[in-house]
Amino acid sequence: MAAVSSLLLFGGLWSAVGSSNLAVVTCGSVVKLLNTRHNVRLHSHDVRYGSGSGQQSVTGVTSVDDSNSYWRIRGKTATVCERGTPIRCGQPIRLTHVNTGRNLHSHHFTSPLSGNQEVSAFGEDGEGDYLDDWTVLCNGPYWVRDGEVRFKHSSTEVLLSVTGEQYGRPISGQKEVHGMAQPSQNNYWKAMEGIFMKPSELLKAEGHHTEL
């Protein structure tokens, strides 16, 4: 939780959920993502898969308070998305796990429980490779906080999904997160708890000046 708490040092640049009427999701924001079908939050931790790639596992958890469910929204690989830039529907992004510094990732390995495509966390200190890029699929011009979105893996075109398969020890009760080729209710996500960067375009329109 310390990694997230330190973000508050940015002071006025940040607004907590519910404290602002600025509805778009922006680059630099740190959020938890809820799978709306299975009511689990996207989660990772320093536990590696025992099969497939052997990379850091990604799961879904029911806990609202787990600090391992925070992800920072960034620009796609080898690009910079300025803090406060609204995320457009159809835009590729990276999701970096705050506590371990690894990016949400997928590749042609088989997931351990469902036999779908494995989703892992990859890289060091926020830097991995092009397989960390996910395209935000939504209705309208921008990803909005109250809206459901899908995340399509930019290279393999699978959708970030949960279908309910559950792990045993050492991560008992956590759900498998994987990639699926077909759209369904299993691949809808919503931004929930977090720290949202105020949209820079709206700040300018309101006459505010911010030093970054």
Side-chain angles (χ1 to χ4, degrees), residues 1-7 10 25-35 40-61 66-85 87 90-113 116-137 143 149-162 167 170-171 174-180 187 189 191 194-197:
M1 192 64 183
V4 175
S5 298
S6 66
L7 296 171
F10 286 105
V25 178
T26 57
C27 286
S29 297
V30 173
V31 301
K32 292 183 179 181
L33 295 168
L34 176 74
N35 182 280
V40 292
R41 284 160 175 76
L42 188 68
H43 179 272
S44 192
H45 41 214
D46 198 12
V47 175
R48 295 183 176 271
Y49 287 122
S51 62
S53 68
Q55 293 176 3
Q56 182 171 303
S57 59
V58 173
T59 63
V61 298
D66 195 323
S67 66
N68 275 318
S69 299
Y70 282 110
W71 301 81
R72 187 194 309 274
I73 301 169
R74 304 170 63 210
K76 69 178 183 178
T77 302
T79 69
V80 174
C81 185
E82 296 294 334
R83 288 196 294 264
T85 302
I87 302 295
Q91 177 179 336
I93 62 169
R94 280 175 292 175
L95 291 168
T96 301
H97 188 244
V98 170
N99 283 351
T100 64
R102 296 189 172 99
N103 298 322
L104 189 71
H105 182 93
S106 193
H107 40 212
H108 291 296
F109 286 90
T110 300
S111 63
L113 300 183
N116 289 304
Q117 184 165 303
E118 183 188 276
V119 170
S120 63
F122 174 76
E124 297 294 335
D125 298 322
E127 298 307 317
D129 62 25
Y130 70 98
L131 293 173
D132 301 339
D133 295 342
W134 297 80
T135 300
V136 180
L137 304 181
W143 177 6
V149 301
R150 289 186 169 108
F151 298 102
K152 184 177 183 179
H153 192 240
S154 299
S155 295
T156 66
E157 299 190 340
V158 296
L159 297 162
L160 186 69
S161 304
V162 177
Y167 288 103
I171 51 175
Q174 297 186 21
K175 301 292 180 66
E176 182 185 81
V177 172
H178 49 252
M180 297 183 68
N187 31 68
W189 300 83
I195 303 170
F196 287 80
M197 178 65 71

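When a residue number appears, it is its place in the shown sequence, counting from 1.
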Non-neighbouring partners of [X] that pass side-chain contact (heavy atoms from CB on, under 4.5 Å), sequence neighbours left out:
| X | result |
| --- | --- |
| E157 | K152 |
| P92 | K76, T135, S154 |
| D46 | Q56, R102 |

For [Y], does its backbone N or O pair with a side-chain atom of [X] as donor and acceptor, under 3.5 Å?
| X | Y | result |
| --- | --- | --- |
| T26 | T85 | no |
| S29 | M197 | yes |
| W71 | V30 | no |
| S111 | L113 | no |

| Taking the six-membered ring of Y167, is NZ or CZ of K175 closer than 6.0 Å to its centre and within 45° of its axis? | no
Side-chain heavy-atom pair [X], [Y] within 4.5 angstrom cut-off:
| X | Y | answer |
| --- | --- | --- |
| S161 | N116 | no |
| S120 | H107 | yes |
| V149 | L33 | no |
| W189 | V162 | yes |
| H108 | Q117 | yes |
| L160 | V177 | yes |
| E82 | C27 | no |
| T59 | S44 | no |

| query | Parallel, tilted or perpendicular: which describes the rings of F151 and W143, with under 30° parallel and over 60° perpendicular? | reply | perpendicular
Straight-line distance of [X] [atom1] to [Y] [atom2], nearest 0.5 Å:
| X | Y | atom1 | atom2 | value |
| --- | --- | --- | --- | --- |
| L131 | L104 | CG | CG | 11.5 Å |
| N68 | R41 | CG | CZ | 14.0 Å |
| I93 | D133 | CD1 | CG | 9.5 Å |
| L95 | N103 | CG | CG | 8.5 Å |

Donor + acceptor pair across side chains of [X], [Y] (<3.5 Å):
| X | Y | answer |
| --- | --- | --- |
| H105 | D132 | yes |
| T96 | R72 | no |
| H43 | D66 | yes |
| N187 | R150 | yes |

| request: Would you please test T100 and H45 for side-chain hydrogen bond (donor to acceptor under 3.5 Å, both in side chains) and show each step? | output: CA-CA 7 Å; T100 64; H45 41 214; over 6 Å; no
